[in-house]
K.L.:
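Dropping the structure in here first, questions after.
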Amino acid sequence: MAIKAIRGFKDILPEEACSRVRLEETARQVFALCGIDEIRTPVLEKTEVFKRGIGEHTDIVEKEMYTFQDRNGESLTLRPEATAGIIRAVVEHKLHGTAPLLKLFTMGPMFRHERPQKGRLRQFHQVNVEYLGSSEPPADAEIIWLAWEIVTRLAGSEDLLVEINSLGCEKCRPVHRKELMLYLENNQQDLCEDCRRRMKVNPLRIFDCKNEECRRNLILAPVMKHYLCPDCASHLGMVLDILEAYGVPFVQNPYLVRGLDYYVRTTFEITSRKLGAQSTVAAGGRYDGLVKLMGGPDIPGVGMAVGVERLLLLMGEAESRKGIDLFIAALGREPRDEAYYWIGYLRRHGISVEFSFADKSLKAQMKQADKSGARYCLIFGENELDSERAILRDMKTKEQEEIDLDDLPEALVDRISNQSAGE
RNA sequence: GUGGGCGUAGCUCAGUUGGUUAGAGCGUCGGGUUGUGGCCCCGGAGGCCGAGGGUUCAAAUCCCUCCGCUCACCCCA
């Protein structure tokens, strides 16, 4: 049996690669609109980076990381998300000292050992943005706008839902948490098994429960919204106002929670009903304490991630492969030897050229020309060699003309460049 | 980690109550045109029927085990 790729790791075949390039280019265009710089960090980090950055007791760290011993015994981990590594790099290179506000983006593979399903792979890709150095609401709003802009440019806005919440800060969050725990303990008996487990690990997660009975029992549970301190409340209000101005449609969801420990205040999620169970296409939020936690100065941050595979699912089929300019069908030894000079010349001048590596029949070469999507086909055999004129065929109109061999490559460059300029 | 569904040609899939040499469409290669592509016609190549075991005179078909894919739980981008 031939060797297959490992579970949850997918080959990206040419057709899909094409869509990915389109996605990445669109993201770059949007990032340029906001003056965001690219950063690329290693896919492998010391395990400590993620333990600290994501939180020891998250599912990601506890059971989803690809962690192994390096040859020297050090524990290394394939990155399950991008933020922790970027902050490690920022702190390591003291980038925060180079500008008052860092706007960084990155794109690349992430790794989590989960059971694969629709929209969930073990190696998956994200487009990430991190703003470091601003605690102001416009930063949060710009991050959300970025996610919205990228997703809608590629997939339209149909069936999308932007949900926003505030998780509060270290001042007001504990108060809510305490009240919530009290409520949950008093109502434990009515909660499902999962929720009772969640109570201990991440009580806010209980609001995600799909169990009808749990939902009913949570209607009266204290929600963060009512516990926000004045600063957090006004922060959230301003973020929402700015989004309004930007024209991003959103709803507030007081139950929206993030899975990673580091989020404070603003948190958001963009979901699509077209995606199935893994419906989040982009998400993010504010993480003011994280840089300090990672050993850097106490600077605030806010960021987001777009799930590339999920966005791909929402994008239409890729545009068909673009054809080349010219196919050269050279027949026989001498004509082929001559053609190599032309091919070199044409390519140097920006004309895309293909030809058959084997000296096949004209018919076979014409078929290949057709498949290559060539705009023109140059036919050149013994007859043309004798008459010193090659035949240029327009593959769409089927019109053919003869071109003198003397200045043939120059004439072709001329012809094809003008043609494409006129289109 | 736990469930459900599905594994037949490169792809999408037929395959009768178990019965002879396992089929179609698409794709691919060649021919019809000894030098002209697409459309059409004709032909070829391509299968350990996911793997292993069992039942049977006989298994793609029935049973068991394993593996893989997939969807969902969980979790999250």
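So that the names make sense, note that chain A is the first sequence line, chain B the second, and so on, each numbered from 1. Atoms considered below: every heavy atom in the structure, side chains included; atoms not considered: hydrogens, waters and symmetry mates.
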K.L.:
Give a yes or no on whether a donor-acceptor pair under 3.5 Å exists between the nucleobase atoms of B:C71, that is its base, and the side chain of A:Arg120.
P.N.:
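A donor-acceptor contact between them is absent.
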K.L.:
In whole angstrom, give the distance that lies between atom CD1 of A:Ile86 and atom P of B:A77.
P.N.:
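To the nearest whole Å, that distance equals 14 Å.
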K.L.:
When you check the phosphate oxygens OP1 and OP2 of B:C69, does a side-chain N or O of A:Arg7 lie under 4.0 Å from one of them?
P.N.:
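For A:Arg7, the contact criterion (side-chain N or O under 4.0 Å from OP1 or OP2 of B:C69) is met.
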K.L.:
What is the distance from CG of A:Leu161 to C1' of B:A77, rounded to the nearest Å?
P.N.:
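Answer to the nearest Å: 16 Å.
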K.L.:
Check whether any side-chain nitrogen or oxygen of A:Lys371 sits under 4.0 Å from OP1 or OP2 of B:C29, and answer yes or no.
P.N.:
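True: A:Lys371 side-chain N/O within range (under 4.0 Å) of B:C29 OP1/OP2.
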K.L.:
Is A:Ile391 touching bases, backbone alone, or none of the nucleic acid, heavy atoms closer than 4.0 Å?
P.N.:
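Base contact.
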K.L.:
Taking the nucleotide of RNA chain B with the nearest heavy atom to each, does A:Leu275 or A:Lys398 sit closer to the 5' end?
P.N.:
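Upstream on the strand: A:Lys398.
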K.L.:
Searching all strands shown, indicate the nucleotide that pairs with B:A72 (Watson-Crick or G-U wobble; both distances under 3.5 Å).
P.N.:
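Here B:A72 is engaged in a pair, and the nucleotide opposite it is B:U2.
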K.L.:
Ignoring backbone atoms, test whether A:Lys10 places a side-chain nitrogen or oxygen under 4.0 Å from the OP1 or OP2 oxygen of B:U70.
P.N.:
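So the side-chain polar atoms of A:Lys10 do come within 4.0 Å of the phosphate oxygens OP1 or OP2 of B:U70, strictly under.
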K.L.:
Under the 3.5 Å rule, do the base of B:G35 and the side chain of A:Gln365 count as making a donor-acceptor pair?
P.N.:
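Not at all, since no donor on one side and acceptor on the other fall under 3.5 Å apart.
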K.L.:
Tell me the partner of B:G25, counting only Watson-Crick (N1-N3 plus N6-O4 or O6-N4) or G-U wobble (N1-O2 and O6-N3) with both under 3.5 Å; none if nothing fits.
P.N.:
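Its partner is B:C11.
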K.L.:
Please figure out whether A:His125 or A:Ile6 has its closest RNA chain B nucleotide nearer the 5' end.
P.N.:
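Comparing both residues, the 5'-ward one is A:Ile6.
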K.L.:
Is the distance between the ring centroids of A:Trp148 and A:Tyr246 under 6.0 Å?
P.N.:
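Between A:Tyr246 and A:Trp148, the centre distance exceeds or equals 6.0 Å.
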K.L.:
So what does A:Val308 hit on the nucleic acid, given a heavy-atom distance under 4.0 Å: a base, only sugar-phosphate, or nothing?
P.N.:
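Counting heavy atoms under 4.0 Å across all strands, no contact is made by A:Val308.
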K.L.:
Could you please name the partner base of B:U56, counting Watson-Crick and G-U wobble pairs only when both distances are under 3.5 Å?
P.N.:
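Base partner found: none.
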K.L.:
Under 4.0 Å, counting only non-hydrogen atoms across every strand here, what does A:Lys367 touch: a base, just sugar-phosphate, or nothing?
P.N.:
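Sugar-phosphate contact only - A:Lys367 comes under 4.0 Å of backbone atoms but never of a base.
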K.L.:
Starting from P on B:C71, measure out to CD on A:Glu114 and report it in whole angstrom.
P.N.:
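So the CD-P distance, A:Glu114 to B:C71, works out to 14 Å.
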K.L.:
Do the side-chain N or O atoms of A:Gln117 get closer than 4.0 angstrom to the phosphate oxygens (OP1, OP2) of B:A72?
P.N.:
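Looking at the OP1 and OP2 atoms of B:A72, one of them is under 4.0 Å from a side-chain N or O of A:Gln117.
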K.L.:
Side-chain donor or acceptor of A:Arg115 under 3.5 Å from a matching atom on the base of B:C71?
P.N.:
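No.
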K.L.:
What is the separation between atom NE2 on A:His113 and atom C1' on B:G1, rounded to the nearest whole Å?
P.N.:
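Value for this atom pair: 9 Å.
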K.L.:
For the residue pair A:Tyr345 and A:His349, categorise the inter-ring angle as parallel (less than 30°), tilted (30 to 60°) or perpendicular (more than 60°).
P.N.:
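Parallel: the ring planes of A:Tyr345 and A:His349 meet at under 30°.
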K.L.:
Return the value, rounded to whole Å, for the distance between atom CG of A:Asn383 and atom P of B:G35.
P.N.:
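Going from CG in A:Asn383 over to P in B:G35 covers 9 Å.
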